[in-house]
Amino acid sequence: MSRVLTYEEIDKREWKTLVEKSSTGTWFQTPEAYAFFASMPDLFLPFVVGVEKEPTSDSSLKGRESFASVWGAHTADSTQYDLLKENACANRKKPTEAESILWVMLKGNNLGLHFRRQHIILDYIVDFICLEKGLIIELDGGYHTNPQQKEYDEQRTAHLQRLGYTELRFTNEELLVDPENVIAKIKAMATKLPSFQGGDGGRLLLRAICVGYVTKEKSAVKQFFTRRAIIIGGPTLADDCSNEEVIALMTAIREQPILNPSLKGRTSNHPSLQGRDGKRLLSPIYIETRNLNDYSRWKGAFEKAGFDYMPHLNFHVHTDRPWTEIEEQIGKHRRKYIRLSLREGATIETQPEIEQVKAYYALLQNLYRTKVKTPLLPWSFFERLYHLDSCRYMLVVYSGQVVGGSVCMVLTGKGIYEWYACGKDGEYKNIYPSTVAKYAGMKYACEKGCAVFDMMGAGKPDEEYGVRDFKAEFGGEMVEHGRFLYVCKPMLYRFGKLGVKLLKKANN
């Protein structure tokens with residue numbers, strides 16, 4: 001059985017850890033993101049739901065009850081973390097041939113397990129690790145036969161074993177000559193080890209988390225016809241999350257007091273459910289998860305919880321490889337536009353002044369008014385983003401003027417999410433701001449050791465979407481992770497869709 005948690009009950013450390021290690025975790029599902037949305041009560045009414053598995057009596061776990069707390073508490077030596085992180089990032093950027101081959105075989109849950117590479121434990125950096133199993137994989141080059149190095153390796157292995165980890169070591173030659181045999185041994189060891197998601201005191205770790213918000217409008221009429229609950233990125237699920245746990249999470253979301261005020265006796269995740277005039281806010285017309293990762297294995301569970309799947313495309317650029325490889329996959333025309341723009345004097349500003357961000361916001365306002373034709377969040381939203389450590393404005397400057405840019409949200413070591421991109425394309429000879437802004441975000445993701453640069457949407461497969469062709473030229477992988485939709489008020493939902501179509505048509 002699973003237990004649903006409110007905001008007050010969720011362990012914030014476990015919340016952060018789950019997002020960082022899950023293949024479905026994004027910045028938008030972090031405690032920082034929730035706090036950000038909660039800081040603007042005039043714009044958002046945030047909510048968060050968690051699910052944990054109740055304590056198990058399985059005797060196979062008893063000997064390892066402290067393991068999760070051990071690796072959770074020893075993921076880094078704080079006194080050396082900055083140097084270790086720098087070294088880990090450098091190792092990710094310049095892997096050995098053997099490491100590159102093994103990473104291709106391990107990443108993306110290819111073995112049914114989530115592996116990390118160049119992971120920090122105490123003052124060590126391990127080549128590959130599956131945290132769920134406590135399984136470390138090391139690839140040794142020739143220098144590991146040196147007696148001094150061999151002694152150090154043995155001491156390190158013994159130390160990690162005392163902490164509860166299991167280590168497998170292979171030489172580079174073993175991997176290069178017979179990779180299938182190496183993978184077979186990893187699989188065999190992983191099968192022997194129990195999956196342990198436990199926390200302190202026998203309580204299991206958080207299994208699923210979902211951060212979302214209900215939009216709020218100043219106008220009562222707009223609020224009535226446009227209110228919606230948005231879950232950017234989709235919920236974060238443990239990589240071995242069960243269907244039962246997903247159903248519990250998504251059912252709990254539907255039954256949130258914020259989303260369904262008719263349900264009595266439930267605790268709120270937010271201190272205020274009141275509107276500006278003291279009246280209770282209306283529940284949303286629909287709840288939508290905007291997925292940035294793959295949820296296909298849990299699709300049936302979402303549907304059982306009442307959420308229908310809606311196809312939607314996106315582009316991921318894998319940035320956990322040398323920049324030269326990434327750059328070579330950018331379309332030749334885009335590479336030409338980047339070279340021309342930089343040669344003609346366009347520059348990239350990753351730490352802009354607030355006045356430059358205001359100029360970028362003015363560009364966005366014009367874009368949304370003339371082309372997008374949907375409401376844009378107010379300046380206060382972008383100003384607050386500017387002060388977040390995890391936000392980077394990628395602005396393109398030409399002749400002293402901001403001519404384009406984007407907002408990039410950074411989940412260190414994992415992903416960069418491109419938000420609100422725009423540019424004054426076609427207004428200057430040989431200057432292509434939108435192209436340069438995207439190039440800047442991709443390069444920044446690579447430099448920061450992030451696995452993916454996420455373009456955050458490329459439209460519906462059955463509809464024309466001009467931006468999709470533009471994004472396709474940057475060498476990314478087109479994916480269909482879709483969206484999940486629960487319609488709370490069917491009549492208003494149909495009316496709202498028709499209204500948006502008529503409004504766009506009228507503005508053309």
Side-chain angles (χ1 to χ4, degrees), residues 93 292 312-352 356 359-360 363-364 366-368 370-372 391-410 415-461 463-481:
K93 289 179 185 177
L292 297 179
H312 207 88
L313 301 173
N314 191 14
F315 283 96
H316 283 177
V317 178
H318 297 288
T319 49
D320 54 350
R321 52 200 170 120
W323 171 247
T324 51
E325 287 184 22
I326 300 167
E327 195 171 27
E328 284 174 4
Q329 291 189 353
I330 298 174
K332 64 179 182 180
H333 292 300
R334 292 296 156 193
R335 274 184 283 161
K336 175 185 175 183
Y337 297 157
I338 293 163
R339 287 196 300 269
L340 281 173
S341 299
L342 298 178
R343 190 179 68 195
E344 292 294 323
T347 59
I348 298 163
E349 183 60 72
T350 61
Q351 294 183 313
Q356 291 177 303
Y360 157 78
L363 295 181
L364 273 179
N366 182 62
L367 174 69
Y368 273 68
T370 60
K371 293 184 179 179
V372 180
C391 175
R392 281 289 177 272
Y393 279 94
M394 299 285 168
L395 301 188
V396 183
V397 179
Y398 177 65
S399 296
Q401 303 293 316
V402 174
V403 296
S406 65
V407 182
C408 288
M409 305 311 299
V410 183
I416 288 186
Y417 309 91
E418 184 192 49
W419 220 4
Y420 293 104
C422 70
K424 297 176 75 173
D425 298 302
E427 294 194 23
Y428 305 94
K429 185 178 179 181
N430 292 334
I431 303 296
Y432 303 87
S434 296
T435 298
V436 175
K438 199 167 295 292
Y439 161 86
M442 290 166 57
K443 191 169 185 182
Y444 189 82
C446 181
E447 290 171 350
K448 293 300 176 182
C450 290
V452 67
F453 177 76
D454 193 316
M455 297 189 191
M456 287 185 65
K460 298 177 182 178
E463 292 182 5
E464 288 188 12
Y465 187 61
V467 179
R468 184 187 306 143
D469 295 334
F470 170 71
K471 291 182 176 181
E473 294 184 68
F474 289 84
E477 174 191 7
M478 187 167 73
V479 295
E480 189 205 301
H481 296 327

As an exercise, state the distance from [atom1] of [X] to [atom2] of [Y], rounded to the nearest 0.5 Å.
X      : Y      : atom1 : atom2 : value
Lys336 : Ile338 : NZ    : CD1   : 13.0 Å
Tyr398 : Asn430 : OH    : CG    : 8.5 Å
Ile416 : Phe453 : CD1   : CZ    : 7.5 Å
Met442 : Glu327 : CE    : CD    : 8.5 Å
Gln356 : Gln401 : CD    : CD    : 10.0 Å

Quick one: side chain to side chain contact (heavy atoms under 4.5 Å, CB included) partners of [X], sequence neighbours excluded?
X      : result
Thr350 : Ile348, Met394
Glu477 : His318, Val479
Ala346 : Ser341, Val396, Ile431

Looking at Phe474 versus Phe315, is the centre-to-centre ring distance below 6.0 Å?
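Distance test on ring centres: not under 6.0 Å, no.
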Does [X] have any salt bridge (charged side-chain N to carboxylate O under 4.0 Å, His left out) partners at least two apart in sequence or in another chain, and if so, which?
X      : answer
Arg321 : none
Glu344 : none
Lys471 : none
Lys448 : none

Compare all side-chain heavy atoms of [X] with those of [Y] and state whether any distance is below 4.5 angstrom.
X      : Y      : value
Leu367 : Leu363 : no
Tyr420 : Tyr368 : yes
Glu427 : Val403 : no
Val317 : Met455 : yes
Asn314 : Leu292 : yes

Among all residues two or more places apart in sequence or in another chain, which pass the ring-ring contact (aromatic ring centres under 6.0 Å, His included) test with Tyr444?
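Once residues adjacent in sequence are excluded, Tyr444 has no partner under the ring-ring contact (aromatic ring centres under 6.0 Å, His included) criterion.
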List the residues meeting ring-ring contact (aromatic ring centres under 6.0 Å, His included) with Tyr360, not counting sequence neighbours, and say none if there are none.
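Partners of Tyr360 by the ring-ring contact (aromatic ring centres under 6.0 Å, His included) criterion, ordered by chain and then number, come out as Tyr393.
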Mind checking what makes side chain to side chain donor-acceptor pair (under 3.5 Å) contact with His481, not counting sequence neighbours?
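Listed in chain order: nothing, the list is empty.
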Got a sec, which residues hit side chain to side chain donor-acceptor pair (under 3.5 Å) with Asn366, two or more places apart in sequence or on another chain?
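Arg369.
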Begin with the C-alpha distance, continue with both residues' side-chain angles, and end with the deciding distance and a verdict on side-chain contact (heavy atoms from CB on, under 4.5 Å) for Val410 and Cys391.
CA-CA 6 Å; Val410 183; Cys391 175; over 6 Å; no
Can you name the nearest heavy-atom pair linking [X] to [Y], along with the distance?
X      : Y      : result
Gly441 : Cys408 : CA-SG, 4.3 Å
Cys450 : Thr319 : O-OG1, 2.7 Å
Pro433 : Gly423 : CB-CA, 4.0 Å
Arg343 : Leu340 : NH2-CD2, 3.0 Å

Quick check on Glu463: does its CD atom have over 12 non-hydrogen neighbours (other residues, nucleotides or ligands) under 6.0 Å away?
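Result for CD/Glu463: enclosed.
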Could you tell me whether Lys93 atom NZ has more than 12 heavy atoms of other residues or ligands within 6.0 Å of it?
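Yes, the 6.0 Å shell around NZ holds more than 12 heavy atoms from other groups.
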Which side-chain hydrogen bond (donor to acceptor under 3.5 Å, both in side chains) pairs, counting each pair once, include a residue from residues 431-440, with sequence neighbours left out?
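Matches after skipping sequence neighbours: Arg334-Thr435, Glu418-Lys438, Asp425-Ser434.
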Show your working on side-chain contact (heavy atoms from CB on, under 4.5 Å) between Trp323 and Lys443 and close with a plain yes or no.
CA-CA 7 Å; Trp323 171 247; Lys443 191 169 185 182; 3.8 Å; yes
